[in-house]
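Encoded as structure tokens, the structure appears first; notes follow it.
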Amino acid sequence: MSAVISSGNSESSNDSQSYSSKVSKSSKESSSYSESNSDSKDDSATSEQKNALASAETYAKDMHMSKQAVYEQLTSSYGGKFKANDAKYAMDNLKDVNWNENALKSAKTYYKDMHMSKNAVKEQLTSSYGDKFTNDEATYAVNHLS
């Protein structure tokens, strides 16, 4: 049995809802949100939304986190502490992120630097206590390890 390495967010999965359920809730809470905002730069974004987006870009593009992990880090009481609607704005406006490639970069670290088996890597990538990538993203990553 392999141990799952914590992704750094110490909130348990029982304490935090999934990104999709939080997004659904936050979209009901935020009446000013418009679907058209995700296709163009929104000059009416609040400073909190802009800060959430900047943080999300760092987590996704520099730290190669999963979409779920980025959202949870933004809203975590141990992380960004952003409100759900500000985190949703950030996720909706996050551009040019290849989640498969993020999973692959994380997988390479586990496989090459930590000498984990491919099965353990996939478990780590998909774990709710680990990286929180989707099964498809983790499968892509493991299939592309060399």
Side-chain angles (χ1 to χ4, degrees), residues 1-30 33 35 37-42 45-146:
M1 178 177 280
S2 62
V4 174
I5 302 162
S6 173
S7 64
N9 184 346
S10 60
E11 291 183 13
S12 73
S13 61
N14 293 336
D15 293 341
S16 61
Q17 299 170 340
S18 71
Y19 167 68
S20 58
S21 65
K22 283 186 178 180
V23 166
S24 175
K25 182 180 174 187
S26 71
S27 63
K28 293 175 187 171
E29 294 169 353
S30 176
Y33 176 76
E35 288 298 326
N37 289 346
S38 62
D39 292 335
S40 63
K41 185 176 177 183
D42 184 6
T46 67
S47 59
E48 284 292 287
Q49 290 170 331
K50 290 175 184 177
N51 285 347
L53 179 56
S55 292
E57 287 173 344
T58 298
Y59 297 141
K61 295 178 181 180
D62 297 337
M63 299 173 73
H64 313 295
M65 293 171 74
S66 68
K67 189 173 192 176
Q68 180 74 32
V70 169
Y71 181 83
E72 289 182 14
Q73 185 66 27
L74 290 173
T75 58
S76 171
S77 60
Y78 301 102
K81 300 181 183 180
F82 289 102
K83 293 179 183 176
N85 63 326
D86 295 328
K88 182 184 183 318
Y89 171 88
M91 299 308 295
D92 289 348
N93 288 279
L94 193 57
K95 304 289 184 214
D96 302 321
V97 178
N98 184 326
W99 303 108
N100 283 337
E101 288 300 314
N102 278 10
L104 179 57
K105 287 175 182 173
S106 292
K108 285 180 178 179
T109 298
Y110 295 126
Y111 192 65
K112 293 180 178 182
D113 298 342
M114 300 177 75
H115 312 290
M116 294 170 72
S117 69
K118 287 184 178 183
N119 286 336
V121 169
K122 186 169 183 187
E123 183 178 321
Q124 174 65 32
L125 292 175
T126 59
S127 171
S128 62
Y129 297 101
D131 292 47
K132 301 175 182 159
F133 284 100
T134 66
N135 189 59
D136 287 346
E137 291 161 350
T139 298
Y140 171 89
V142 170
N143 287 344
H144 289 85
L145 284 174
S146 53

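The side chain to side chain contact (heavy atoms under 4.5 Å, CB included) check on K122 picks up N135, A138, T139, V142, with sequence neighbours excluded. Here S117 pairs with nothing under the side-chain hydrogen bond (donor to acceptor under 3.5 Å, both in side chains) rule; sequence neighbours left out. Scored by the side chain to side chain contact (heavy atoms under 4.5 Å, CB included) test, A90 finds A52, L53, A56, L74 as partners (sequence neighbours excluded). Among residues two or more places apart in sequence or in another chain, the side-chain hydrogen bond (donor to acceptor under 3.5 Å, both in side chains) test is passed with T58 by none. For Y111, there are no ring-ring contact (aromatic ring centres under 6.0 Å, His included) partners, not counting sequence neighbours.
Remark: L94 CG to K61 NZ distance equals 6.0 Å, nearest 0.5 Å. Here NZ of K67 is found 8.5 Å from CD of E137. Values are rounded to the nearest 0.5 Å. Interatomic distance, H64 NE2 to L104 CG, rounded to the nearest 0.5 Å: 10.5 Å. Interatomic distance, CD of Q73 versus OG of S66, reported as 10.5 Å (0.5 Å rounding). Interatomic distance, NZ of K132 versus CD of E72, reported as 3.5 Å (0.5 Å rounding). Here the CD-CG distance, from E57 to D62, works out to 9.5 Å after rounding to the nearest 0.5 Å.
No donor-acceptor pair under 3.5 Å is formed between the side chain of T75 and the backbone N or O of A84.
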>> Using the rule given for salt bridge (charged side-chain N to carboxylate O under 4.0 Å, His left out), can you reason through E48 versus K83, listing the C-alpha separation, both sets of side-chain angles and the distance that settles it, and then say yes or no?
In response: CA-CA 9 Å; E48 284 292 287; K83 293 179 183 176; over 6 Å; no
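A heavy-atom distance below 4.5 Å is found between the side chains of K112 and S146. Annotation: side chain of Y89 is not in contact with side chain of T46 (no heavy-atom distance under 4.5 Å).
The two residues A141 and A107 have their closest heavy-atom pair at CB-CB, 3.8 Å. Counting all heavy atoms, side chain and backbone alike, M65 lies closest to F133 at C-CZ, 3.9 Å. Summarising the geometry of Y71 relative to K88, their closest heavy-atom pair is CE1-N, 4.0 Å, with the distance given to 0.1 Å.
Among residue pairs with one or both ends in residues 97-106, those qualifying as side-chain hydrogen bond (donor to acceptor under 3.5 Å, both in side chains) are E101-Y140; sequence neighbours excluded.
Screening K118, E123, Q124 for a side chain to side chain contact (heavy atoms under 4.5 Å, CB included) involving Y110 leaves a single residue, Q124.
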